[in-house]
Asker: 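I'd like to ask you about the structure that follows.
So you know, we letter chains A, B, ... as the sequences are listed, proteins then strands, and number each from 1. None of the values given here were measured: they were computed from a predicted structure.
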Amino acid sequence: MYLYPKWIRLWHLLNALFCLMLIITGLCLQYSGKGRPLIPFDKAVALHNTGGIALSLSYFIFFLGNIFSPNKKHYRLKYKGLWKDMYTQFNYYMFGVFKGQKHPFPVTEENKFNPLQKVSYVLIMYIALPLIIITGWGLLLPDITISRVFGVSGLILTDIIHIISGFIISIFMIIHIYLCTLGSTPGSLFKGMISGYHVGED
Amino acid sequence: MPENKHYFFLIFLVPVLFLSGYLPAVSQEDQNSNDQETEWVSEFYEENEQCFKCHGEAKYSLYDEFSEREVHKLMCESRVINRDKYYISNHKSFSCLDCHDGGYQDFPHPVELRTEEHYACLDCHGYDENYAQYHFEEIEEEYVQSIHAELEEEGFNCWKCHNPHTYHISIRNTTNLHETIAYDNNICLDCHSNFNRFQLLTERDEINIIERHDWLPNQALHFGNVRCIECHTQVNDSILVAHLLLPIEQAVQRCVECHSRDSRLLTTLYKFEAKKQRTRAGFWNGAVLKESYVIGANRNLYLNIISITIFFLTIAGILAHLFFRMKAKSNQTNS
């Protein structure tokens, strides 16, 4: 089943690369020290800035794509029965998968994501990423960031929001990559994201 | 989907408002700092006015006996002393004649007074128990090793940085660190970005401070939040402000000197504050947070613990899940 058009695959690949680069350089900045670093601070700053600008552009492409292409339907949450569906999917991940049960929400052209995927993708793409991008620009251009909020440096608050968003996205990435091994074979979903074709369960 | 539109709008509105400054920015310290100045009048005010009536103004007047009329002249800029600045300076309580020769009471001043020998800092502050806590002798020791001391032949002395008529202590009793940083940096810029003064002491070409610091990211932010001496002096533990100005090639250029947990700023700019408190609300180097934020130097202990715990729980959860998956698969294969 052809599920992932070229633009989505290209965006997904770039998004993954930029996120990975930003996580690594971000950690180098946050935990910088006088010892021998993985990436020197000044280079980490330059790479993090470049990666941030690239991620902003890539997000912009995703945002426009999800406005003007049919892909937007996959991000539309239907609140009725959402908690029940999420619980069903959670139950499958926790127990069903060990019992060899079938996916409770098989992938179709109309329903690319299961309920847990849908909610997490919406939260990541429409809350965490905008937050990290906006606060990232705030840190890149500190002159536009409010200097003090209630007696506290505006940069601190901006940076804390940035770091927390970054951490949530990092944890999401780890879980996302692991859950992608739950396809019909451990590598099938990764292959699908390269070829565009999803291989379902027998 | 009209509901979703509102949803997106709100998602973007909050951070945009936050960044663009619509949320109220209140610093009580800033508000209070202006209200605390008290009126102070020097006991030598009237006596000093004899000098200030000419040296406190841009012009002075003298009576020309030959033409029998009063003549107005411009006061040489370097001889003008700003009254307001003098009376908030460290030496505000002095009479002009405490430091200057009594011959200045004659007018016109005798020509030989132009080469009057000035006091040096240690002449009054050195080897005196009253000033022992400020370690003036150690400051002198640092100064003689600094690159500035090499210019003494050309006329460099303490007064070049610490103008006796205007200098006031800033970092020790600051209520607004950013003003203090600007004040202290202006002392350096007074010569280093003013070629007229700079060339009095050196044959070197004019320095363009901005170009010289091209390598520094967020230059304006750095210039507004740290003093020149943070990078251009050798750290000294026993005196509050380091005076050993280093040669240019030894100036700090490694970002991690400041952007790290054992940040250099704690031993320089925030030395005074850091002595009072090492942590604030769980932040490492909390002293810095009062005025600024330094990536890499400010980390929150609680956020660190929470994030590391979540990270390891995630990894442990994934490994456990993987283990049970493999076990289930092997059971299925066997059966």
Asker: Under 4.5 Å, counting heavy-atom pairs only, tell me which of B:T314, B:I306, B:N331 racks up the most with chain A.
Answerer: B:T314

Asker: For B:I315, is it the side chain, the backbone, both, or neither that has a heavy atom closer than 4.5 Å to a heavy atom of chain A?
Answerer: side chain

Asker: Please examine the side chains of A:I8 and A:K112, heavy atoms only from C-beta on, and report whether any two atoms are closer than 4.5 Å.
Answerer: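 A:K112 vs A:I8: side chains touch.
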
Asker: Determine which pairs satisfy salt bridge (Lys or Arg N to Asp or Glu O under 4.0 Å) with at least one residue from residues 218-231 of chain B, sequence neighbours left out, and list them in order.
Answerer: B:D184-B:R227, B:R227-B:E230

Asker: Is any side-chain heavy atom of A:N114 closer than 4.5 Å to one of A:P104?
Answerer: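 Contact flag for A:P104/A:N114 side chains = no.
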
Asker: Chain B contacts: which residues in residues 164-177 of chain A have a non-hydrogen atom closer than 4.5 Å to it?
Answerer: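 The stretch touches chain B at A:I164, A:F167, A:I171, A:I174, A:I175.
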
Asker: Can any side-chain N or O of B:N334 pair as donor or acceptor with the backbone N or O of B:S330 at less than 3.5 Å?
Answerer: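 Yes; judged by distance alone, with no hydrogens or angles, the pair exists.
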
Asker: Anything in residues 22-32 of chain A with a heavy-atom distance to chain B below 4.5 Å? Please list those residues in order.
Answerer: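 So the qualifying residues are A:L29, A:Q30, A:Y31, A:S32.
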
Asker: Does any backbone or side-chain atom of B:S307 lie under 4.5 Å from a heavy atom of chain A? Answer side chain, backbone, both or neither.
Answerer: both

Asker: Parallel, tilted or perpendicular, judged at 30° and 60°: which one describes the rings of B:H321 and A:Y178?
Answerer: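 Perpendicular.
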
Asker: Answer yes or no: is there a side-chain heavy-atom contact under 4.5 Å between A:Q101 and A:F95?
Answerer: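 Side chain of A:Q101 against side chain of A:F95, heavy atoms only: no contact under 4.5 Å found.
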
Asker: Check each atom of B:L221 against the heavy atoms of chain A and say whether the ones under 4.5 Å are side chain, backbone, both or neither.
Answerer: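 Interface part for B:L221: side chain.
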
Asker: Can you confirm whether or not the ring centre of A:H12 sits under 6.0 Å from the ring centre of A:F62?
Answerer: no

Asker: Give the table of side-chain donor-acceptor pairs shorter than 3.5 Å for residues 240-253 of chain B, with sequence neighbours excluded, one pair per line with atom names and distance.
Answerer:
residue	atom	partner	partner atom	Å
B:H243	ND1	B:V241	O	2.8

Asker: So for A:I163, is it side chain, backbone, both, or neither that comes closer than 4.5 Å to the heavy atoms of chain B?
Answerer: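 For A:I163, the side chain is the part near chain B, not the backbone.
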
Asker: With the side chain counted from C-beta on, respond yes when A:N66 and A:Y75 share a heavy-atom pair under 4.5 Å apart, and no when they do not.
Answerer: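 Yes. Closest side-chain heavy atoms under 4.5 Å.
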
Asker: Mind checking whether A:Y59 and A:N15 have side chains closer than 4.5 Å, heavy atoms only?
Answerer: no

Asker: State yes or no: are the ring centers of B:H213 and B:F223 separated by less than 6.0 Å?
Answerer: yes

Asker: With heavy-atom distances below 4.5 Å as the criterion, would you say the side chains of A:L57 and A:L14 are in contact?
Answerer: no

